[in-house]
Amino acid sequence: MADFSQTRSLFKIPDGVIYLDGNSLGALPLAVPARVNSMIEAEWGQELIRGWNSAGWMVQPRRVGDRIARLIGAAPGTVVMGDTLSIKVYQALAAALSLNPGRRVILSDSGNFPSDLYMAQGLVRTLGDRATLKVVEPEAVEAAIDDSVAVLMLTEVDYRTGRMHDMKALTKKAHDAGALAVWDLAHSAGAVPVDLAGADADFAVGCTYKYLNGGPGAPAFIYVAPRHADVAPPALSGWMGHEAPFAFDLDYRPGGGIERMRIGTPPIIALAALDAALDAWDGVSMQEVRKASIALSELFIAEVEKRCPSLTLASPRDASRRGSQVSFRHPDGYAIMRALIARGVIGDFRAPDALRFGFTPLYIGEAEVRGAVDILEEVLAKKLWDKPEYRQKELVT
């Protein structure tokens, strides 16, 4: 198995902290502050408006997109950055529906991230009787794919439990039924090997502030399969997706290929942070990351079940069926997580009762896993969580 000690030295982890929440917000890569400061001082400060040309700001969404493409099994020129994940979901879903005009059903599952479903609901309201959203249980997705479905929209890895869909098999089932497939890679990119080209996915979207360590609110990405790139109609036709943005035409003409999925002015400071964060991935194999994350999560599950019997595993036991996170259930899960965080073990909580832990081999190893279980065992055995301050809900859980 690969030795990740070198990549661990590239991240800032505060003293006394075991960070098991990279599935929600990645740790700070040490290279980011200097890169952002350089962008602000040398590029923005010295070049001013000239930076769009001299510093390459205009092409940065495509260039950074190509760096992410390598990690998700996509060809160069098929991924572009910008906006938030919810916006990218809307773009991909609207484009896929437009490419399948004879049908109106969007099929998703109840394990999808709620924001994806909200965006689908909003699109359905806009389209009226031209579209409808059908939501089934995750286990019922395959059987629900039939000739009424226009678009299959799924998150590959369930945000609550880490349960993982079979992207290749479900995409094939969708295509065989005449549907298109849109995949959300929020909990996949940088966590598990993804092969968008090999799976023949039509569209994919994802965020970069989790396993890719781009920072809070880091820009999202969208992938469009080459066969759709020049025909997918942009529902959000912003000026940066225009064929000639600086012609300032009054009528929209979509740009060529993935460029048409750009919308507004890109967040250059945030892209500088993400670009620096991606340096940690240079030379890193996603297959080796996967091996390490499985080993860490298997160790965690075994130790928790041996030492913390009041917790119930909520994630698939089969490592091949889950992503790089593990969830355990407890009726007082929120208070337990607050007590853990107070003692330096940072995970997070997802309603109604899930304690969620992420395993990021780039900066987490076996020692951190064992140390986290030591503290979890103590919190449970001594009921250290049973305090009013730990039951008080914060704005972000």
What are the two closest non-hydrogen atoms of [X] and [Y], and how far apart are they?
| X | Y | answer |
| --- | --- | --- |
| Gly111 | Arg160 | CA-NH2, 3.3 Å |
| Ala74 | Leu196 | CB-CD1, 4.4 Å |
| Leu271 | Met81 | CD2-CB, 3.8 Å |
| Ser320 | Asp318 | OG-OD1, 2.8 Å |
| His228 | Leu99 | ND1-CD1, 3.7 Å |

Any side-chain heavy-atom pair of [X] and [Y] under 4.5 Å:
| X | Y | answer |
| --- | --- | --- |
| Phe4 | Glu288 | yes |
| Gln325 | Val157 | yes |
| Arg350 | Ser24 | yes |
| Trp239 | Ile263 | no |
| Ile336 | Leu376 | yes |
| Thr397 | Tyr334 | yes |

Return yes when atom [atom1] of [X] has more than 12 non-hydrogen atoms of other residues, nucleotides or ligands closer than 6.0 Å, and no otherwise.
| X | atom1 | result |
| --- | --- | --- |
| Trp44 | CH2 | no |
| Gln6 | CD | no |
| Glu389 | CD | yes |

Only distances under 3.5 Å count here; give the side-chain donor-acceptor pairs of residues 294-301 to other protein atoms, sequence neighbours excluded, each with its distance to 0.1 Å.
unit_1	atom_1	unit_2	atom_2	d
Ser297	OG	Ser293	O	3.0
Ser297	OG	Ile294	O	3.1
Ser297	OG	Arg322	NH2	3.1
Glu298	OE2	Arg322	NH2	2.6

Side chains of [X] and [Y]: donor-acceptor distance under 3.5 Å anywhere?
| X | Y | value |
| --- | --- | --- |
| Ser327 | Thr161 | no |
| Trp281 | Thr7 | no |
| Asp158 | His187 | no |

Strictly below 4.0 Å, N to O, side chains only: are [X] and [Y] in salt-bridge contact?
| X | Y | value |
| --- | --- | --- |
| Lys168 | Asp200 | no |
| Asp279 | Arg35 | no |
| Asp249 | Arg253 | yes |
| Asp275 | Arg67 | yes |
| Asp386 | Arg391 | yes |
| Glu378 | Lys383 | no |

Interatomic distance, Phe203 atom CZ to Leu152 atom CG [nearest 0.5 angstrom]: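 Going from CZ on Phe203 over to CG on Leu152, the span is 13.5 Å.
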Point-to-point distance, once rounded to the nearest 0.5 Å, from CG of Asp116 to CG of Leu93: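 It comes to 9.0 Å.
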Proximity of Phe357 and Phe359 rings by center, below 6.0 Å: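 No: the rings miss the under 6.0 Å criterion.
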Contacts of Glu47 that satisfy salt bridge (Lys or Arg N to Asp or Glu O under 4.0 Å) - sequence neighbours left out: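 Glu47: no salt bridge (Lys or Arg N to Asp or Glu O under 4.0 Å) contacts found.
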